[in-house]
Amino acid sequence: MAVAERIVSLLPSATEIVCALGLAHHLVGVSHSCDHPPLIRSKPRLTRARFPLDGLSSGEMDAAVRQALREFGSVYEVDNERLAAVAPALALVACPTVLALDAHDITGVLATIRLVGHAGGVPERAERCVRDIERRIAAVRARVEGRPVARVLALEWLDPPFVPGHWVPEMVALAGGTLLRGVSGRPSFAVQWAELVGLDPDVLLVMPCGFELAAARADADACRAPLGAVAPRAIRSGRAYAVDATAHFSRPGPRVADGVELLGALFHPDTFPGAPLEGRATVWA
């Protein structure tokens, strides 16, 4: 099977998969959102956002996204001239060969890795990558088995509040938690703060989609009052966390295993002593 020589990736998760399969040197273009691993940051950018992102709160970003969708139907645009100039043999997602990647759960994430590996001509590398992810997740499950299950409230957006869907509820369960609101395999969805009052979880996760740790913490600070109303016990006990959602939860790619390991350490710190949290999660209060 021939390896795809010229690959374009317009999805951050696809870019991470391509690199995990040892094909980074075949990437000839990526999206403006692709930032991991660092070695791809010099690759040509083939998309651009329709509005500036830096410094926006979740509420301001929500308003900007809604406006872009009303006016253009999308929040980013493709630079068609640059895309044509790099002449890809495989584009994720674009012509001439279209590989649509749309995982909704962990099984779908693993299937996507296999799909990219096959399309890229390295199916055996993809299988090794999948087996490593499965091994790491199984190791977390084994360590939390029999431990008290943490009642978890996770919020993927704060203004308005969104509860998780897709693969995140599975990740919570695999790490020894039970999600109080959210549906596995379905999109995240908006709720009212009033709907969350009274849940009083053991653990609060502030994980705004696409936000790194500092931005997640700043967003939590801006929503201090409603968060305090819905998760008073978690906050008092030091079990309210802001997390780097971009690295661990927002992208359906190889770092799903990192996310499960991080959740295991947050839910059961005595079971994962010394787990590195710096830059990944921080206690919020």
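Predicted model only: the values in this text are computed from it and were never measured. All values below were derived from every heavy atom in this structure, side-chain atoms included, with hydrogens, water molecules and symmetry-related copies excluded.
- Legend: residues meeting side chain to side chain donor-acceptor pair (under 3.5 Å) with Glu127, ordered by chain and number and at least two apart, are Arg114.
- For the residue pair Thr282/Arg217, the side-chain donor-acceptor check at 3.5 Å is satisfied.
- With hydrogens and angles left out, the side-chain atoms of Ser31 and Arg45 include no donor and acceptor closer than 3.5 Å.
- Taking the side chain as every heavy atom from C-beta outward, Ser33 and Pro12 approach each other to under 4.5 Å.
- For the pair Ile113 and Cys129, the minimum side-chain heavy-atom distance is below 4.5 Å.
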Could you walk me through whether Asp79 and Arg48 pass the salt bridge (Lys or Arg N to Asp or Glu O under 4.0 Å) test, one step at a time?
CA-CA 8 Å; Asp79 188 328; Arg48 51 184 169 262; 3.4 Å; yes
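- For the residue pair Arg186/His104, the side-chain donor-acceptor check at 3.5 Å is not satisfied.
- We find that Arg151 and Asp200 are not joined by a salt bridge, their nearest charged nitrogen and carboxylate oxygen being 4.0 Å or further apart.
- Between Glu195 and Arg181 there is a salt bridge, since a side-chain N of the basic residue sits under 4.0 Å from a carboxylate O of the acidic one.
- Sorted by first and then second residue, the ring pair (Phe, Tyr, Trp, His ring centres under 6.0 Å) pairs involving residues 189-235 (not counting sequence neighbours) are Trp157-Phe211.
- Using a 4.5 Å cut-off on side-chain heavy atoms (C-beta onward), Leu196 and Leu155 make contact.
- One finds a salt bridge joining Asp202 and Arg233 here, because a Lys/Arg side-chain nitrogen approaches an Asp/Glu carboxylate oxygen to under 4.0 Å.
- Taking both residues in full, the closest heavy atoms of Val206 and Ala216 are given as CG1-O, 3.9 Å, listed atom of the first, atom of the second, then distance.
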